[in-house]
Amino acid sequence: MRLIISIVIILTGLQYLQAQNQNNTWLFGTNLGMKFNNKVMSIIPDKASNMLSGAGCAIISDKTSGSVLLYTNGKQVWDKTNSPMRNGTLLKGSSLSHSISNGLIVDNYNNSYFVFYTNDIDEIYYAFVDLKANGGLGEVVYKDSLLARGMDLQFTAVRLPNQQGHWLITHQKGTNKFLSYRISNNQIYKSPVISVTGPQTYPSTQYNYGKMTSNRAGNRLAYGFFPASGSSIDEAQIAEYAIDKKCGTITILNDLYTLMGTVFANSCRMSYDATGRYLYVSYYRLGDTYELYQYDMESTDPSASKVLISASYEVIGDMQLGDDDKIYIASSQNRTFTSRISVVNSPSSLGAACNFGQNAIELSQNPILGSIGLEHFPVFVHDISNNKGTDNPPKLNIIPACAQSRSSFELQNTTDVICDSVIWVFGDGNSSTLKNTSHVYTKAGTYITKFIWFVCGYQSEIIDTIKIIEQTTFSLGSDTTLCNGVSITLKVPITAQNYLWNTGDTSAEILVKKAGRYQVSISSGNCQSTAEINIAYHPPLFTALNDEYTICDKEKELVKLDAGEGFSTYKWTPTEDTTQWIIVGDLGEYFVVVKDFRGCDGSDGTKVKRRCPVAVYFPNSFSPNNDGINDVYAPVGVDVESFQLKIYNRWGQLVFESDNLNHTWDGTIKGKFVPTDTYIYTAQYTGFIHKKMQTFNTEGNITLIR
């Protein structure tokens, strides 16, 4: 009696990212291994692991680096250091050297994994691994949880459309029933989706089952089974099925039923090519011939499309699609499996162009070591589809309002969330089945809300809280009128999430310096309140002071500075007087500060300037002989505002000019002495007479004596 033992590692996680190196490392139960790097295969030297097993194994690698994270043979789990994982021994799986078809490896957003394994009495168990535990080496949190009994012990896994989980697909013995177990939200749903379709498998344990595998898109499934050696049944049942990744249902697409004659246990292995178009299947035909066929699953009649790729006395063992898009096949020598592997180098090419190479790779320098257990490959989750955008997880937008107002509940990515129905649970005893809705809470408080969505009868939910506050009213104060030049700070007296003034400011307070209507809106979620205030200004205070006053100090004149009547208080500077008017006789600046009955301040200033009569004396002679007496011609004046003097000789030539009383004539012209003679001058000057500006023109003679 031959047994079928299956081991599966399944991760439950979020989106499958661009790096897809989870399947890059292959370990066999003979300490051998191979690795893919940038789609190039290399052989891992002998002793690649500490695992010896006649059956196959399951392994998962880091999605970015491709380095091994954990692996198992169904009896024990090893960590990335090739050491037994904590609590990872004595699993109920069987490690007998019998057929094993599946080892599934996928990534998980929180580094946790479900490990599925089978025993030899048609039971499927699972364990849960937390890779974050034990310093990143991982720990088997629990193990030997029974999933199902009476199974064919062949299974695979494909992604859910939203990439937040997987379907574990298996088959019930003696029936035509597929069972799909949903794995999502870090749990396994024990009630499977049952699909009745395709040929019926054999009920007795004397029958063997070949393999179950999916294409890389995860939307098609190939499953083959066959009778045991010596059976009178001479048929191999192989079929292709469509997978509804949303609901987990399976539907037969193509029946590749084959009448073979005597069938041997090592036949009915299969693998899709990278495109999913071609399916490679092995058979054992009467006459001790192992045959490898290629089927075109996109032809009008896939069953009739088969092309013989190889026929040989040697056994065709397990086969698997590698990361380099080649198909690797376990090979035998003299009907004994060795460490040699055959390769279909171009499996996406039709017929002989697929370039099959018999025993093309030698994995071990020790063929004897490699001859044990290499019949079975670690099989991975081949579904590497990236369904981003087809069914993203819900993105919720919950905007709270005040009590007695409408809070909004919105599903933002409505178009790309797959769901059959939804329920919003508001937490106050009310709910809604609309994707986008609103709700009025009658009382303030914190409520626990749920968004529940259903897909094919499966329920998922997101729990959140919403805080509802009482409708708040507030005031900025009464309308007010301010004195000219006074500023005021307007402040919202309560705390809110957002503030918006009609000035464009977004702070809780603003500084106001001019008249106007000021309004502010505050909000916390959808809870909004508004207040406003009018600010006016009293007109500025004006005094009766002139801009300036004039006196002639040498005549001891006085002037009266009057700020005007009607003010409550007066204060003069620098005299410190507090009267309406003051009398001053000193030149300079004077300031007054006044206050009216409303308390408003005003100020003004003025200047007291000198305004004495102008007088200028013009001498009629001078003697520039350097005797120190009357050597220069210099008019003398007081209170002169402007001055201009020109001196001419008797021929009318200009010999001197000046616009400054302090600029004197020394009796030269261009540095040369002028002769003794009579000269003529003209002058113009300005000044005040009786406090009024006047202009004076005069002329006369000057006698120059040497």
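What you see is a predicted model; the values in this text were computed from it and never measured. Hydrogens, waters and symmetry mates are skipped; everything else that's a heavy atom, side chains included, is used.
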Q) Do side-chain atoms of Asn21 reach the backbone of Thr64 as a donor and acceptor pair under 3.5 angstrom? A) yes
Q.
Test of understanding: with salt bridge (charged side-chain N to carboxylate O under 4.0 Å, His left out), list the residues that count as partners of Lys190, not counting sequence neighbours.
A. none
Q) At their closest point, which heavy atom of Ile309 faces which heavy atom of Tyr293, and how far apart are they? A) CG1-C, 4.3 Å
Q. Do NZ/NE/NH1/NH2 and the carboxylate oxygens of Lys80 and Asp62 come within less than 4.0 Å?
A. no
Q: Mind checking ring-ring contact (aromatic ring centres under 6.0 Å, His included) for Tyr189 and listing every partner two or more places apart, or none if nothing turns up?
A: Tyr458
Q | Test: Asp244 and Lys246 ion pair at under 4.0 Å | A | no
(Q) Is there a side-chain contact between Asn254 and Ser303 in this structure, where contact means two heavy atoms from C-beta onward sitting under 4.5 Å apart? (A) no
Do any side-chain atoms of residues 347-359 form donor-acceptor pairs under 3.5 angstrom with protein atoms, and if so which ones, sequence neighbours left out?
from: Ser348; atom 1: OG; to: Asp273; atom 2: OD2; distance (Å): 2.6
from: Asn359; atom 1: OD1; to: Ser331; atom 2: OG; distance (Å): 3.2

Q.
Between Ser184 (side chain only) and Gly165 (backbone N and O only), is there a donor and an acceptor less than 3.5 Å apart?
A. no
Q) Would a distance-only check, ignoring hydrogens and angles, find a side-chain to backbone donor-acceptor pair under 3.5 Å from Lys35 to Gly66? A) yes
Q | Non-hydrogen side-chain atoms of Leu321 and Phe380 separated by less than 4.5 Å | A | no
Q. How far apart are the closest heavy atoms of Gly218 and Ser214, and which atoms are they?
A. CA-OG, 4.4 Å
Q. Got a second to check how far Asp383's CG is from Thr156's OG1, nearest 0.5 Å?
A. 8.5 Å
Q. Under 30°, 30 to 60°, or over 60°: which ring-plane class applies to Phe36 and Tyr328, parallel, tilted or perpendicular?
A. perpendicular
Q) Who passes side chain to side chain contact (heavy atoms under 4.5 Å, CB included) against Thr170, sequence neighbours left out? A) Ile124, Met151, Phe155, Leu179, Tyr181
Q: List for me each residue that meets salt bridge (charged side-chain N to carboxylate O under 4.0 Å, His left out) alongside Asp255, sequence neighbours excluded, and say none if there are none.
A: none
Q) If you take all heavy atoms of Trp167 and Leu160, which pair is closest and at what distance? A) NE1-CD2, 3.0 Å
(Q) Would you say the ring centers of Tyr290 and Tyr283 fall short of 6.0 Å from each other? (A) no
Q: Assert yes or no for the condition that the ring centre distance of Tyr272 to His382 is strictly below 6.0 Å.
A: no
Q.
If you define the side chain from C-beta out and look only at heavy atoms, does anything of Leu137 sit under 4.5 Å from Met85?
A. no
Q. Just wondering, do Thr25 and Pro378 contact through their side chains at under 4.5 Å, heavy atoms?
A. no
Q.
Looking at Lys177, I want to see if its NZ is surrounded by more than 12 non-hydrogen atoms of other residues, nucleotides or ligands under 6.0 Å.
A. no
Q) Is there a side-chain contact between Tyr295 and Met270, using heavy atoms and a 4.5 Å cut-off? A) no
**Q.** Ser65 side chain vs Ser67 backbone, donor-acceptor pair below 3.5 Å
**A.** yes
Q: Would you confirm whether Lys211, through its side chain, and Ser271, through its main-chain N or O, come within 3.5 Å as a donor-acceptor pair?
A: no
Q.
Suppose we screen for side chain to side chain donor-acceptor pair (under 3.5 Å). Which residues come up paired with Glu123, at least two apart in sequence or across chains?
A. Asn119, Tyr125, Arg149
